[in-house]
Protein chains: 2
Amino acid sequence: MKTNRKNKVIIVDDHLLFSQSLKFLINSFSDFEVTHNFGNGKEFIQFLQEEENLDIEVDLILLDVNMPILDGLSTMVWLKENRPDYKVIALSVNNEEDIIIQMIKNGAKGYLLKDTTPQIFYDALKTVIEKGYFFTEMVSGILVNRIDNEDKKLEFKEKELDFIKRACSEKTYKEIADEMCLSPKTIDGYRESIFAKLEIKTRIGLVLYAIKNKIVCV
Amino acid sequence: MKTNRKNKVIIVDDHLLFSQSLKFLINSFSDFEVTHNFGNGKEFIQFLQEEENLDIEVDLILLDVNMPILDGLSTMVWLKENRPDYKVIALSVNNEEDIIIQMIKNGAKGYLLKDTTPQIFYDALKTVIEKGYFFTEMVSGILVNRIDNEDKKLEFKEKELDFIKRACSEKTYKEIADEMCLSPKTIDGYRESIFAKLEIKTRIGLVLYAIKNKIVCV
DNA sequence: ATGAAAAAGGGGAAAATTCCCCTTGCTATA
DNA sequence: TATAGCAAGGGGAATTTTCCCCTTTTTCAT
């Protein structure tokens with residue numbers, strides 16, 4: 001009996017076509033089976049919270065990063081708090097450093113891109129079950145790189161962030177100052193210190209930075 | 001024999017995990033089978049061009065829109081020119097109007113989002129084979145909407161686009177003028193006419209528009 | 001309690017942006 | 001062939017942005 005037990009996998013991904021297909025792929029592995037599919041983090045958490053599912057068997061969770069309603073990161077945060085033993089592999093299409101770091105910080109045991117081959121994917125499942133973690137070279141590289149740059153990271157205060165967001169509009173600094181109930185000169189001070197930090201020279205540069213770093217969304 | 005013949009499907013998608021999984025799903029349909037997988041448009045076209053593949057059986061192509069090397073739209077353009085009889089269903093994660101319109105203009109018989117259910121997906125395959133096309137309400141809505149707004153659409157000339165791209169940087173207009181070998185005054189003319197068209201008042205507005213409409217990428 | 005940052009604000013000026021109105025030369029077309 | 005349209009370019013001025021150096025007030029850790 002024991003030797004024949006399959007590892008129970010839960011998929012959380014809003015792309016139904018993907019998750020339903022992935023289920024076939026995983027079920028084709030002799031030692032894994034998909035037991036549940038959820039379309040976003042909220043559905044998944046609600047399921048976990050139901051009385052009758054409190055001691056459900058879960059060997060592995062495949063968690064998509066980009067989802068509506070409740071995304072991968074928020075779900076990961078909840079899991080870290082409430083189900084710290086669950087093993088999670090994060091799935092994503094893009095390798096955005098910050099997200100990868102955040103997911104791992106919150107306990108993800110692996111991070112796979114969706115262009116992974118089925119072979120590597122299988123290795124990842126297997127390795128996470130057996131060793132507890134699986135990281136590709138890409139992810140390891142990012143982790144190492146992050147340690148180097150840890151101190152160099154830029155932080156903004158609330159007011160600065162507020163200013164940056166407002167600067168990403170057609171408003172003049174004077175209008176922004178009025179909105180924030182500050183003197184235009186104070187705003188000019190914010191601007192100048194932010195320009196220095198970011199090594200930029202124009203408001204255009206600020207807008208580009210803000211969008212690139214998702215301080216504002218387009 | 002004839003009654004047992006399965007429709008031959010080719011998948012072109014760079015997300016290996018997705019395409020390999022999708023293969024399982026499609027093969028689970030009694031009347032479809034996946035014969036080939038390609039990771040981008042170039043691989044696919046090269047395959048089609050090989051001598052021995054000239055009269056290969058292809059009943060349906062599932063073409064991802066976002067791919068590296070050669071994307072879905074470029075591949076569609078090639079197919080329209082060289083294999084106009086092939087039936088293509090475009091696959092994408094996002095419902096960007098412009099891309100949908102372009103794909104359909106170039107002969108796509110269907111446009112599906114990746115969060116489609118397997119049931120609808122199967123219907124789509126079946127319907128495209130039988131009726132020649134399949135469009136969800138979402139796509140139909142966009143098509144109808146597009147007919148309304150056909151005339152309202154904004155067009156830019158090459159030089160204007162070039163200017164807009166350069167304006168999305170920390171360069172001054174004078175520097176842009178130099179780069180484009182035009183007088184600063186001419187650039188100012190471009191700027192003013194574009195501002196009027198877009199109903200904006202500042203260069204910030206232009207940058208936001210350009211990013212939103214993917215004239216430049218972040 | 002006090003000295004050192006940090007936040008808020010200011011003067012003044014150069015540079016860049018925005019705006020309006022104008023000239024010239026080319027070309028498409030009725 | 002006349003003319004309307006458009007691309008290229010210019011004059012000039014009001015605003016806005018950017019920069020540098022300065023003062024006052026608040027906060028905060030020792």
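Here is the naming used below: chain letters follow the sequence lines, and residue numbers restart at 1 for every chain.
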For A/I176 and A/F163: C-alpha separation, side-chain torsions, deciding distance, then whether side chain to side chain contact (heavy atoms under 4.5 Å, CB included) applies.
CA-CA 7 Å; A/I176 292 174; A/F163 163 72; 4.0 Å; yes
Using modelled atom types and a 3.5 Å cut-off, is there a donor and acceptor pairing between side-chain atoms of [X] and backbone atoms of [Y]?
{"X": "B/T116", "Y": "B/L112", "value": "no"}
{"X": "A/D64", "Y": "A/D13", "value": "no"}
{"X": "B/D71", "Y": "B/L73", "value": "yes"}

Value for CD1 (B/I11) from CG (B/N37), rounded to nearest 0.5 Å, stands at 4.5 Å
Of all residues at least two apart in sequence or in a different chain, which pass the side chain to side chain contact (heavy atoms under 4.5 Å, CB included) check with [X]?
{"X": "A/T75", "answer": "A/F44, A/I45, A/L63, A/M67, A/L70, A/L79"}
{"X": "B/D85", "answer": "none"}
{"X": "B/I200", "answer": "A/E170, B/F195, B/L198, B/L206"}

Nearest-nucleotide comparison on DNA chain D, the residue closer to the 5′ end among B/S183 and B/K157
B/K157
With the threshold set at under 4.0 Å for non-hydrogen atoms, list the residues of residues 161-175 of chain B touching DNA chain D in residue-number order.
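Going residue by residue through residues 161-175 of chain B, none turns out to have a heavy atom under 4.0 Å of DNA chain D.
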Generate the contact string for nucleotides 19-28 of chain C. Rules: B means base contact, S means sugar-phosphate contact only, - means no protein heavy atom under 4.0 Å.
BB--------
Whole-Å distance between [N] [atom2] and [X] [atom1]?
{"X": "A/R203", "N": "D/dC19", "atom1": "CZ", "atom2": "C1'", "value": "17 Å"}
{"X": "A/D178", "N": "D/dT16", "atom1": "CG", "atom2": "P", "value": "12 Å"}
{"X": "B/L198", "N": "C/dT18", "atom1": "CG", "atom2": "C1'", "value": "15 Å"}
{"X": "B/L206", "N": "C/dA16", "atom1": "CG", "atom2": "P", "value": "18 Å"}
{"X": "A/K197", "N": "C/dA6", "atom1": "NZ", "atom2": "C1'", "value": "12 Å"}
{"X": "B/I187", "N": "C/dT18", "atom1": "CD1", "atom2": "C1'", "value": "15 Å"}
{"X": "A/M180", "N": "C/dG9", "atom1": "CE", "atom2": "P", "value": "11 Å"}

Using a cut-off of less than 4.0 Å, is there contact between a side-chain N or O of B/T186 and OP1 or OP2 of D/dG9?
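It does, given that an N or O in the side chain of B/T186 lies less than 4.0 Å from OP1 or OP2 of D/dG9.
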Below the 4.0 Å mark, does C/dA8 have OP1 or OP2 next to a side-chain nitrogen or oxygen of A/Y190?
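Yes, because at least one side-chain N or O of A/Y190 sits under 4.0 Å from OP1 or OP2 of C/dA8.
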So, are [X] and [Y] salt-bridged, with charged N and O less than 4.0 Å apart?
{"X": "A/K197", "Y": "A/E160", "value": "yes"}
{"X": "B/R166", "Y": "B/E175", "value": "no"}
{"X": "A/K159", "Y": "A/D162", "value": "no"}

For the helix from C/dA1-D/dT30 to C/dA30-D/dT1, figure out the bend between the end axes, five pairs an end, and round to 10 degrees.
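Terminal axis comparison yields 40°.
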